Amino acid sequence: MIYDADDRLYVALDLPSVEEARALTQTLGGSVSSYKIGLQLLPVGGMDLARTLIDAGKNVFLDFKFHDIDATVEKAVRSVAGFGAQILTVHARPDVMRAAAKGAAGSDLKSIGVTVLTSLDKEDLEAIGYHDDAETLVMRRAVQAADCGIDGVVSSPLEAAAIREGAPKDFLIVTPGVRLHGGDKGDQKRVATPFDALNSGASHIVVGRPINAAPDPRAAAQAVLANIAGA
Ligand code: C5P
């Protein structure tokens, strides 16, 4: 699968209102082709904004991280499948991923599994009862994602190379936790630059605050795209 350099960047529209999100997309204009809409916008008109973006020819990634019983996940994914978004996330538990694969069957929607949130490190995992370190858990879940028949995973950039090595052809590896050198990490703990993430095997990167909270979002997006171009 071949992607243009700018199709590899999803800008996370993590903003309080659709008006602010729409204003950001207008500021970014033609320089950004792909957007991620997540839980912050979902209850306040996020799907209407997704519709507008899709109708304007943008790629939309719905980061809803579904996690429920099989039947509910399957039906929820089916509800999203005809919408025209490119990507939808579910949690990377085998039963959830199998249900997502069924729900997305026959559509163009790519469903991908969130392996381990990039804000979690070993100490956080211990606290919730996982005794594997993040890398081990991510690898197990990436293998399970392929076995369950979904289209890819979300991981930190630090695991992208190992996942890519054993992954089926066209497997999506989407990495948040992306920062330019010297950028503020926020709550992200496992980070890399756009160049390193893509060079390691990520198919797409997600960048939120470094663009959506920048004083000049367009310049920030262009700096990320310039870094990507090097990959
Ligand atoms: O602002 P920042 O660049 O850290 O945003 C990263 C985005 O990626 C957020 O929207 C966050 O919800 C999402 N994400 C993540 N880690 C995952 C899955 C999604 O940070 N494992």
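Whatever order the structure lists them in is the order used to number ligands and atoms, beginning at 1. In this text, all values refer to a predicted model and were calculated from it rather than measured experimentally.
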If you count the non-hydrogen atoms of other residues, nucleotides and ligands that lie under 6.0 Å from CZ in F83, is the total more than 12?
-> yes

The protein heavy atom nearest to atom 2 (P) of ligand 1 is R179 NH2, 3.5 Å

For P210, take its heavy atoms, then give the atoms of ligand 1 lying under 4.0 Å from any of them.
-> 3 (O)

Near D108 CG, under 6.0 Å, is it more than 12 heavy atoms from other residues, nucleotides or ligands?
-> no

Quick note on ligand 1: atoms under 4.0 Å from a heavy atom of L117 include exactly 17 (C), 21 (N)

For the pair T89 (side chain) and K65 (backbone), establish whether a donor and an acceptor sit closer than 3.5 Å, ignoring hydrogens and angles.
-> yes

Give a yes/no verdict on a cation-pi contact between R140 and Y130, requiring under 6.0 Å between NZ or CZ and the six-membered ring centre and an angle within 45° of the axis.
-> no

closest protein heavy atom to atom 9 (C) of ligand 1 is D14 OD2, 3.3 Å

If you measure from each non-hydrogen atom of S155 to ligand 1, which part falls under 4.0 Å: side chain, backbone, both or neither?
-> neither

protein heavy-atom neighbour closest to atom 16 (N) of ligand 1 works out as T118 OG1, 2.7 Å

Sort out for me which residue in D124, T136, V154, V138 forms a side chain to side chain contact (heavy atoms under 4.5 Å, CB included) with V116.
-> V138

Taking all atoms of both residues into account, what is the closest heavy-atom pair of A92 and Q144, and its distance?
-> O-OE1, 4.4 Å

Return the residue, atom name and 0.1 Å-rounded distance of the protein heavy atom closest to atom 8 (O) of ligand 1.
-> P176 CB, 3.4 Å

Would you mind checking which non-hydrogen protein atom is closest to atom 20 (O) of ligand 1, with the distance to 0.1 Å?
-> Q188 NE2, 2.8 Å

Top protein contact for atom 3 (O) of ligand 1, by heavy-atom distance | G208 N, 2.8 Å

Main-chain N/O of V32 paired to K58 side chain as donor or acceptor, under 3.5 Å | yes

With no hydrogens and no angle check, is any side-chain donor or acceptor of D151 less than 3.5 Å from a backbone partner on S111?
-> yes

Which of these, T175, I112, V207, V206, has its nearest heavy atom closest to atom 7 (C) of ligand 1?
-> V206

With a 4.0 Å heavy-atom cut-off (strictly under), which part of V116 contacts ligand 1: side chain, backbone, both or neither?
-> backbone

Who gets closest to atom 4 (O) of ligand 1 by heavy atom: K65, Q40, R209?
-> R209

min-distance protein heavy atom vs atom 11 (C) of ligand 1 -> K36 NZ, 4.0 Å

Could you tell me whether V154 approaches ligand 1 through its side chain, its backbone, both or neither, with non-hydrogen atoms closer than 4.0 Å?
-> side chain

Within the distance-only criterion (no hydrogens, no angle test), does the side chain of N212 pair as donor or acceptor with the backbone N or O of L15 below 3.5 angstrom?
-> no

